Amino acid sequence: MTMTGQQSEARPADAGTAPLHVAIIMDGNGRWAKRRGLPRTFGHREGVKALKRTVEGAAAVGVGRLTVFGFSTENWRRPAAEVSELMGLLKAYVSSDLERLAKEGVRVTILGRREGLSPDVLEVIERAERRTAENTAFHLQVAFNYGGQADIVDAARKFAKAVEEGRAKASDLDEALFERSLSTADAPPPDLIVRTSGERRLSNFLLWEGAYAELVFQDVLWPDYGPEHLKAAIAEFATRERRYGGAMVDDVLAAG
Ligand code: IPE
Ligand code: IPE
Ligand code: MG
């Protein structure tokens, strides 16, 4: 890849008219299961059903792009059996839903590090991306073995390599060029980041891309989530005034 400075295509959506990019930290599967006296893995299985419902209902509530956090670079710290269940669920989700998503015009991309994933997981990821590459009706990004810090480090490595090989100069680097090396380079930044379960932190999700995202925290546990909750998050988003560092619209108008 030749690195050249170029205007970024990543532009915030025009709130109210353009389809929104919503990113969701799907949290609370373990607590959902615990409340029922069930093993955590049951919560993850119910979580996949919530994901299906939410993807199905997203377009109807004005969403054109959905990014979901399925497995973080820190989630390897969990017991091996739970990690293996989460890997299996990604495979099962792709196997059961890929054809339908593909026919509905959904483009599926997987964000995150490929190193560390087993060959069978890599195979489903590549199959999903290849099968849906031409689709444009809706974009589903699944962050899997994803960490915002790891993604930034990987992008920095790519640029450093280009400098080492004489394809770029350090002074070429700016925000627009840098973000083209992130795993999210194909998509505009999220308008809204939602986290379920009541936790109020990003847990290493979309650190760069979320710079100007609105944040909405919902107290519902992920397995209980569905399009009605997404609709409520978007209603909250609609009350926000996004300023991107500028002045408040009312103050600008008052100043003439
Ligand atoms: C989210 O639910 C799913 C993943 C992180 C993979 P959790 O498993 O984190 O559920 P809690 O936070 O323990 O309730
Ligand atoms: C973030 O949730 C990761 C995913 C939802 C995939 P975690 O449950 O792993 O985050 P912490 O540990 O509560 O910060
Ligand atoms: Mg959690």
Side-chain angles (χ1 to χ4, degrees), residues 21-55 58 63 65-94 96-97 108-118 120-121 124-125 128 140-154 182-184 187 190 192-210 213 215-226 229-230 233:
H21 178 184
V22 179
I24 307 183
I25 304 172
M26 308 183 288
D27 196 19
N29 294 351
R31 276 162 283 174
W32 184 93
K34 194 172 177 189
R35 279 185 195 175
R36 287 163 179 77
L38 297 167
R40 294 175 58 83
T41 47
F42 281 69
H44 296 316
R45 284 177 211 160
E46 284 301 313
V48 174
K49 293 183 195 162
L51 175 62
K52 291 183 184 193
R53 287 196 294 274
T54 306
V55 170
V63 175
R65 186 175 267 111
L66 193 63
T67 301
V68 294
F69 203 3
F71 190 86
S72 79
T73 45
E74 289 70 40
N75 288 148
W76 294 102
R77 295 176 187 155
R78 297 185 178 206
E82 183 174 347
V83 169
S84 146
E85 173 76 19
L86 290 165
M87 297 288 150
L89 285 175
L90 177 75
K91 285 191 284 177
Y93 175 57
V94 172
S96 70
D97 281 39
V108 180
T109 50
I110 315 294
L111 309 176
R113 276 198 176 145
R114 300 291 153 101
E115 304 94 82
L117 297 176
S118 64
D120 50 337
V121 172
V124 298
I125 286 176
L140 173 65
Q141 300 192 109
V142 182
F144 200 86
N145 196 22
Y146 173 88
Q149 293 179 338
D151 213 48
I152 291 168
V153 166
D154 290 350
L182 293 168
S183 71
T184 50
L192 166 62
I193 297 178
V194 172
R195 183 169 189 149
T196 62
S197 90
E199 305 294 0
R200 284 161 168 73
R201 56 176 170 266
L202 289 175
S203 300
N204 204 10
F205 192 43
L206 301 177
L207 297 184
W208 174 286
E209 301 81 350
L215 306 179
V216 170
F217 299 100
Q218 293 179 290
D219 284 337
V220 56
L221 299 173
W222 177 252
D224 292 326
Y225 206 83
H229 300 97
L230 186 59

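These figures come from a predicted structure and were not determined experimentally. Any value given below was found using the heavy atoms of this structure, including those in side chains, with hydrogens, waters and symmetry copies removed. All ligand and atom numbering here is 1-based and tracks the order in the structure.
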Shortest protein heavy-atom distance from [atom], along with the residue and atom involved:
| atom | answer |
| --- | --- |
| atom 10 (O) of ligand 1 | G30 N, 2.9 Å |
| atom 2 (O) of ligand 1 | N29 N, 3.1 Å |
| atom 13 (O) of ligand 2 | R201 NH2, 2.8 Å |
| atom 6 (C) of ligand 1 | G70 O, 3.4 Å |
| atom 4 (C) of ligand 1 | R78 NH1, 4.0 Å |

query: Would one find an N or O of N75, backbone or side chain, under 3.5 Å from an N or O of ligand 2?
result: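 Yes: some nitrogen or oxygen of N75 is under 3.5 Å from one in ligand 2.
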S203 N/O under 3.5 Å from ligand 2 N/O
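Looking only at distances, the answer is yes, because the N/O contact criterion of under 3.5 Å is met.
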What I want to know is whether W32 and ligand 1 share at least one N or O pair that is separated by under 3.5 angstrom.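 Looking only at distances, the answer is no, because the N/O contact criterion of under 3.5 Å is not met.
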*Find the distance between NZ (K91) and CD1 (I125) and round it off to the nearest 0.5 Å.*
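Here the rounded value is 11.0 Å.
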Task: Reported CZ-to-OG1 distance for the pair F217 and T196, which is rounded to 0.5 angstrom - done: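 Going from the CZ atom of F217 to the OG1 atom of T196 covers 11.0 Å.
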Under 3.5 Å, is there a donor-acceptor pair between the R113 and T73 side chains?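 Looking only at side-chain atoms, T73 and R113 do not form any donor-acceptor pair under 3.5 Å.
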Under-2.8 Å protein N/O/S neighbours of the Mg ion (ligand 3), ordered by chain then residue number: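 Correct list: D27 OD1.
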So L90 and F71, side chain to side chain contact (heavy atoms under 4.5 Å, CB included) or not? Walk me through it.
-> CA-CA 10 Å; L90 177 75; F71 190 86; over 6 Å; no
Q. Relative to each other, are the rings of F205 and Y146 parallel, tilted or perpendicular (30° and 60° limits)?
A.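 Judged by the thresholds at 30° and 60°, the geometry between F205 and Y146 is perpendicular.
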Problem set entry | Pair R36 + E46: basic N to acidic O under 4.0 Å |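 Not counted as a salt bridge, because no side-chain N and carboxylate O are separated by less than 4.0 Å.
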Where's the contact between F205 and ligand 2, heavy-atom distance under 4.0 Å: side chain, backbone, both or neither?
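Neither part.
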Keeping the roles fixed (side chain from [X], backbone from [Y]), state whether a donor-acceptor pair exists under 3.5 Å.
| X | Y | result |
| --- | --- | --- |
| R65 | A187 | no |
| Q218 | H229 | yes |
| D151 | G148 | no |
| R40 | A33 | no |
| N145 | G112 | no |

Q) For ligand 2, is M26 a contact, meaning one of its heavy atoms is under 4.0 Å away? A)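 Per 4.0 Å heavy-atom rule, M26 contacts ligand 2.
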- Query: For ligand 2, is there an atom lying under 4.0 Å from some heavy atom of R31?
  - Reply: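 Outside the 4.0 Å threshold, so no.
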- Query: Which atoms of ligand 1 are found less than 4.0 Å from any heavy atom of H44?
  - Reply: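 Selected atoms, number and element: 3 (C), 8 (O).
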Which of the atoms in ligand 1, numbered in the order shown and given with their element, are less than 4.0 Å from a heavy-atom of L86?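 Contacts of ligand 1 toward L86, numbered from 1: 6 (C).
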>> For R40, state whether at least one heavy atom is located under 4.0 Å from any atom of ligand 1.
In response: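 It does, in that a heavy atom of R40 comes within the 4.0 Å cut-off of ligand 1.
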Yes or no: does S197 have any heavy atom under 4.0 Å from an atom of ligand 1?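 It does not, in that no heavy atom of S197 comes within the 4.0 Å cut-off of ligand 1.
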Is the shortest heavy-atom distance from the side chain of L206 to the side chain of P190 under 4.5 Å?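 Side chain of L206 against side chain of P190, heavy atoms only: contact under 4.5 Å found.
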- prompt: Do R35 and L221 have side chains that get closer than 4.5 Å, going by heavy atoms?
  reply: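 R35 vs L221: side chains touch.
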Just jot down the ligand 2 atoms closer than 4.0 angstrom to any heavy atom of F71, in number order.
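With F71 as reference, the close atoms of ligand 2 come out as 6 (C).
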*Passing option when W222 is tested against I25, D27, V48, I24 for side-chain contact (heavy atoms from CB on, under 4.5 Å)*: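 Result for side-chain contact (heavy atoms from CB on, under 4.5 Å) with W222: I24.
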